[in-house]
Participant: 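Sharing a structure with you now.
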Amino acid sequence: MATVLVVTSGKGGVGKTTSTAALGAALAQNGQTVVVVDFDVGLRNLDLVMGAERRVVFDLINVVQGDAKLAQALIRDKRIETLSLLPASQTRDKDALTEEGVTRVIAELREKFDWVICDSPAGIERGATLAMRHADAAVVVTNPEVSSVRDSDRIIGMLDSKTLKAEKGERIDKHLLLTRYDAGRASRGEMLKTEDVLEILSIPLLGIIPESEEVLRSSNLGSPVTISNPNSVPAKAYFEAARRLRGETVVVTVPAERRGFMGRLFGRRAVA
Amino acid sequence: MALVLAPEPPVPEWLDALDAQVERSPSFFDGRPVVLDLAALPREQPDVAGLLRRLHAKGIRIIGTEGAHPSWQGLEAWAPLHANSTRPARPIDVPDERPAMQEAQQATQSDNTSLVLDQPVRSGQSVVFEKGDVTIIGSVASGAEVIAGGSVHIYGALRGRAIAGLTGNSRSRIFCRKLEAELLAIDGVYQTADDMNATLRGRPVQAWLDGEVMQLATLD
């Protein structure tokens with residue numbers, strides 16, 4: 001039985017696309033069949049992060065409008081056999097997505113894959129609502145900042161009212177993925193604490209991904225961090241999050257700041 | 001809105017029947033305040049303290065008792081409610097769990113004069129109920145609003161806006177467990193977060209109107 005998962009946040013730039021790629025790859029690396037679907041029509045990014053931008057021929061809009069078959073648009077990952085990408089169109093906009101077309105594509109994907117992971121565009125308009133429409137579960141990507149938390153809260157409200165599951169009176173599983181977590185800033189009180197974010201949003205925690213050079217480098221190389229550097233701290237956090245998505249119980253570790261010897265000597269500035 | 005439980009003699013059988021109902025809908029009593037109506041018990045010294053302990057062990061949250069005879073012992077901790085403080089007993093059917101879940105989904109139970117929501121109010125959502133009081137079991141997020149013709153009760157943090165007395169009821173009040181509000185208004189008189197006394201932030205607070213002036217005070 002396939003699970004349709006939407007990765008959403010309301011706010012832009014919090015790490016939806018990066019997390020879609022990393023979680024999708026992590027699930028596929030553990031033997032699940034996964035497709036990541038880019039719903040950000042007009043501003044497609046997922047193909048770049050997945051390193052498939054030179055292989056895009058047909059896209060989601062072509063399939064939605066019946067101009068191409070699903071099998072023609074799906075791009076199989078070269079590194080992991082069970083991972084596929086359904087790219088967005090860069091030349092169209094969100095109005096090209098039709099409700100019936102999306103329904104048909106998602107139903108077809110459900111038959112082929114264990115996981116259908118929809119990368120939602122930012123915002124709360126058509127693209128975002130269609131991305132969440134068929135979801136069984138949601139990953140709400142949030143940075144420990146007040147603006148991100150409030151936008152996530154808004155999105156959680158929409159997940160509880162605008163999805164098909166919610167309209168049928170069922171409950172959609174919602175998971176909080178805290179990204180760009182900076183242990184140093186957290187310890188200095190410059191960011192919202194994890195407990196505060198959890199208290200405000202009151203949904204279960206899927207994982208904490210530390211702010212990391214490694215994630216940025218991977219994105220620019222066109223490789224999810226779980227593939228390019230599986231032993232790095234953020235990759236391990238994504239692997240753990242993927243296990244929790246599959247229902248395993250894994251204790252959440254709060255990333256600690258790791259300083260070198262000199263950092264420990266000179267890490268703190270004296271207050272004059 | 002409190003539920004009223006009225007034990008009937010013989011008490012052990014009544015407790016068994018209650019167990020059967022709780023089994024059918026395990027979450028029915030979750031977080032709901034319950035008033036115990038003891039009027040039906042026999043006059044001669046029933047084991048009221050034992051009964052309270054057993055109900056407590058079932059996770060039923062008793063907030064008060066009524067109809068107890070003054071000679072009974074074991075009720076010292078439970079202030080009797082004022083006679084007739086609860087409405088005449090109106091039997092409520094204990095729903096099976098499935099309907100109870102759906103009810104939680106819709107999150108609304110309303111009669112004519114009150115609205116009870118047992119889910120948090122998320123940012124961007126607006127709850128409007130002109131006919132009377134609104135009770136929220138959960139928090140009201142920043143960027144959310146609750147608007148009531150009567151009073152607003154929030155058993156959680158109030159981070160958004162609460163507007164009471166919409167229909168010109170200047171005796172309406174706003175109650176919350178944790179004040180982080182962006183705006184409070186009663187019958188058109190309002191205060192923004194900047195106007196509020198900083199020492200009240202994060203505390204349980206009530207707000208009411210004293211003439212044309214809004215007053216705020218802690219509840220603890």
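Quick note on labels: first sequence line is chain A, next is B, and so on, each numbered from 1. None of these values were measured; they are calculated from a predicted model.
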Participant: Heavy atom to heavy atom, less than 4.5 Å: which residues from residues 201-220 of chain B reach chain A?
Facilitator: none

Participant: I need the minimum non-hydrogen distance between Lys94(A) and Arg126(A), along with the two atoms involved.
Facilitator: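 Smallest interatomic distance, heavy atoms only, reads O-NE, 3.3 Å.
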
Participant: Is there a side-chain contact between Val105(A) and Leu86(A), using heavy atoms and a 4.5 Å cut-off?
Facilitator: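 They are in side-chain contact.
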
Participant: Walk me through it: do Glu130(B) and Thr167(B) pass the test side chain to side chain donor-acceptor pair (under 3.5 Å)?
Facilitator: CA-CA 7 Å; Glu130(B) 289 182 26; Thr167(B) 48; over 6 Å; no

Participant: Do Arg159(B) and Glu199(A) sit within salt-bridge range, that is, some charged N less than 4.0 Å from a carboxylate O?
Facilitator: yes

Participant: To check you understand the geometry: which heavy-atom pair defines the closest contact between Ala148(B) and Val134(B), and what is its length?
Facilitator: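 Minimum heavy-atom separation between Ala148(B) and Val134(B): CB-CG2, 3.6 Å.
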
Participant: Could you pull out all donor-acceptor pairs under 3.5 Å where a side-chain atom in residues 149-157 of chain A meets a protein atom, sequence neighbours excluded?
Facilitator:
unit_1    : atom_1 : unit_2    : atom_2 : d
Arg150(A) : NH1    : Ser142(B) : OG     : 3.0
Ser152(A) : OG     : Thr142(A) : OG1    : 2.8
Ser152(A) : OG     : Ser148(A) : O      : 3.0
Asp153(A) : OD1    : Arg122(B) : NH1    : 3.0
Asp153(A) : OD2    : Ser123(B) : N      : 2.4

